[in-house]
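See below for the structure under consideration.
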Amino acid sequence: MSLRGKTVVLGITGGIAAYKSVSLVSMLRKAECTVHVIMTKNATQFVTPLTFETLSNQPVVVDTFERPERWEVAHVALAKKADVFVIAPATANVLAKAACGLADDMLTSTLLATKAPLFFAPAMNTGMWTALPTQHNVAVLKERGCHFVGPEGGFLACGDSGAGRMSEPAAIFAAIEKLLSAADDFAGLKVMVTAGGTRERLDPVRYLGNNSTGKMGFALAQAAADRGAQVLLVCGMTTAEPPQGIECVRVESTMDLYQAVTSQAPEMDVVIQAAAPADYRFKEVHAQKMKKQHGMPLLLELVENPDIAAAIGKAKRSDQIFVGFAAETEKLSANARQKLEAKNCDLIVANDVTQPGAGFGTDTNIATLITRDEMTDCPLQSKRDLADVILNKVMQLRNSTVCK
Ligand code: PMT
């Protein structure tokens, strides 16, 4: 894959591994990328801006706050230019700032403003890397769809040995290349992804809900955006955070989800229903908190919600691809096949939610992809990796539909 013509914004933070980023810039330039380097003040203690300026053939932005009016314009301009934003080395400090959305210098302000995919190559002492706050920040950033390369284990500059070494420039380069190589196959396509569960109100304090965290839908939305799609995320109740930089509409109930999805579906090339909408809602929603019945059984009547997937399937154009999910606890493929037909899906992603590592809440999933012609088993893998496998299948289906 050629990185030719891509723009990489490279943030350098203050660590001895900054010297390795010199080779990274050189590799990127050889691959005919435009590289813009932003250095924190501390980073300039390890390598001079002139080194990066010479190699990148671009002015290096250093965090001096000397000319704030230019600074303001420059950070927005670089944020917009980036095809990918890489921070290498990434210190514990910059990971913490990124996780919290702090923007107190040029690098973190640009980082906060960008919609480009983010890559971190952490480098720090083992104790700092394994510290709970750092691991929490990494988890938050991963959940938001940020990518990580390394750190590797080995001998560290501080004399310790363990995890904390920045990955070699060749590994960082390969990871950037892999991300950007997938980046274009969805360019020009509009993709709607639903994520999370719905909440059906009973009274002001009680509801009917489910365990969906949104992670599967978020992984799909991020993967589609990374591959160049214009993504609309319709997001129910979630505990995970939606990925940054993707248009997100929030809904609460299945009826809300139905309205949002059916109004937008005609505009879409691909619709992916990873959400877990409630099949039923309460017939009566009480305006005040319901009181105990004192010994009397409480009978609550449920009425069926509209089937959103069935509605999309019914209205689907022949050039649209519609992906449904099936969350099953038994007879996985038979039930999923039945849903494929009943909802007129092109693809059903069937997950057995009783299997460890699959379904609700986990960062991983195990699935079977079912189309009218074939069935593909996808073993345990991260939801993000599965998202790419699903999108590959979508692209295959789209190509065969468009070629018909
Ligand atoms: O969010 P996570 O914690 O990451 O968990 C991921 C997941 C388990 C929620 C996801 O992988 C998944 O399986 N999503 C579908 C959950 C579901 O509702 O499955 P179902 O078999 O009940 O429904 C089948 C399909 O019909 C789904 O595409 C669903 O979105 C859709 N449906 C269901 C009810 C309804 N009223 N309208 C619908 O469109």
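Only this structure's heavy atoms are used, side chains among them; waters, hydrogens and symmetry mates stay out. Read the numbers this way: they start at 1 and go in the same order the structure lists the ligands and their atoms.
The pair R144-E241 meets the salt-bridge criterion, with a side-chain N (NZ, NE, NH1 or NH2) lying under 4.0 Å from an Asp/Glu carboxylate O. Electrostatic pairing of K283 and E304 does not count as a salt bridge here, judged by no charged N lying under 4.0 Å from a carboxylate O. Ionic pairing of D105 and K97 is present here: one or more N-O contacts between side-chain nitrogen and carboxylate oxygen are shorter than 4.0 angstrom. In this structure, D352 does not pair ionically with K331, as no charged nitrogen and carboxylate oxygen lie closer than 4.0 Å. Between K6 and E32 there is no salt bridge, since no side-chain nitrogen of the basic residue lies less than 4.0 Å from a carboxylate oxygen of the acidic one.
The backbone N or O of V353 lies less than 3.5 Å from no partner atom in the side chain of N351, so there is not a single donor-acceptor pair. Side chain of T198 to main chain of A278: a donor-acceptor pair is present (N/O by atom type, distance under 3.5 Å, no hydrogens or angles). A donor-acceptor pair under 3.5 Å is absent between the side-chain atoms of E267 and the main chain of Q264, judged by distance alone.
In terms of polar-atom proximity, G196 is not counted as a contact of ligand 1, lacking any N or O under 3.5 Å from an N or O of the ligand. Ligand 1 has an N or O atom lying under 3.5 Å from an N or O atom of Q273, backbone or side chain. The distance criterion of under 3.5 Å between nitrogen or oxygen atoms is not met by T362 with respect to ligand 1. Residue K339 has at least one N or O atom closer than 3.5 Å to an N or O atom of ligand 1. Checked by distance only, ligand 1 and A326 stay at 3.5 Å or farther apart across all their nitrogen or oxygen atoms.
Taking the centre and axis of the six-membered ring of F186, the NZ or CZ atom of R227 falls outside the cone set by 45° and 6.0 Å. A cation-pi arrangement is present between K142 and F148, with the terminal nitrogen or guanidinium carbon under 6.0 Å from the aromatic centre and inside a 45° cone about the axis.
Expressed to the nearest 0.5 Å, how far CD1 of I12 lies from OG of S21 amounts to 4.0 Å. Taken from CD in E301 to CD in E284, the straight-line distance is 9.5 Å, to the nearest 0.5 Å.
Residue K215 has at least one heavy-atom neighbour below 4.0 Å for each of these atoms of ligand 1: 1 (O), 2 (P), 4 (O). Under a 4.0 Å criterion applied to the non-hydrogen atoms of A309, ligand 1 contributes the atoms 26 (O), 31 (C), 38 (C), 39 (O). Near G361, meaning under 4.0 Å from one of its heavy atoms, ligand 1 places the atoms 2 (P), 3 (O). With ligand atoms numbered from 1 in the order given, ligand 1 contributes 5 (O), 6 (C), 8 (C) to contacts under 4.0 Å with heavy atoms of G359. Residue contact check: G214 has heavy atoms under 4.0 Å from atoms 1 (O), 2 (P), 3 (O) of ligand 1.
Summary of contacts: the protein heavy atom closest to atom 26 (O) of ligand 1 is K343 NZ, 3.0 Å. The nearest heavy-atom contact from the protein to atom 3 (O) of ligand 1 is T213 OG1, 2.5 Å. M216 CB, 3.6 Å is the protein heavy atom nearest to atom 6 (C) of ligand 1. Here the protein heavy atom with the shortest distance to atom 27 (C) of ligand 1 is F325 O, 3.1 Å. Summary of contacts: the protein heavy atom closest to atom 36 (N) of ligand 1 is P306 O, 3.1 Å. Among all non-hydrogen protein atoms, the one lying nearest atom 32 (N) of ligand 1 is P277 CG, 3.6 Å. The protein heavy-atom contact nearest to atom 34 (C) of ligand 1 is D279 OD1, 3.0 Å. Here the heavy atom of the protein found nearest to atom 1 (O) of ligand 1 is S212 OG, 2.6 Å.
Ligand 1 lies out of reach of A219, whose nearest heavy atom is not under 4.0 Å from it.
Residue-level proximity to ligand 1 for A240 is absent, since no heavy atom of it falls below 4.0 angstrom. The proximity of I308 to ligand 1, defined as any non-hydrogen pair under 4.0 Å, involves the side chain as well as the backbone. Only backbone heavy atoms of A275 (N, CA, C or O) come within less than 4.0 Å of ligand 1; its side chain stays farther off.
No more than 12 heavy atoms of other residues, nucleotides or ligands sit less than 6.0 Å from atom CG of L132. Counted within 6.0 Å of OH on Y207, heavy atoms from surrounding residues, nucleotides or ligands total 12 or fewer; the atom is thus considered open.
Among A327, A276, A274, the residue whose heavy atom lies nearest to atom 14 (N) of ligand 1 is A274. Among D307, N351, N365, the residue whose heavy atom lies nearest to atom 11 (O) of ligand 1 is N351.
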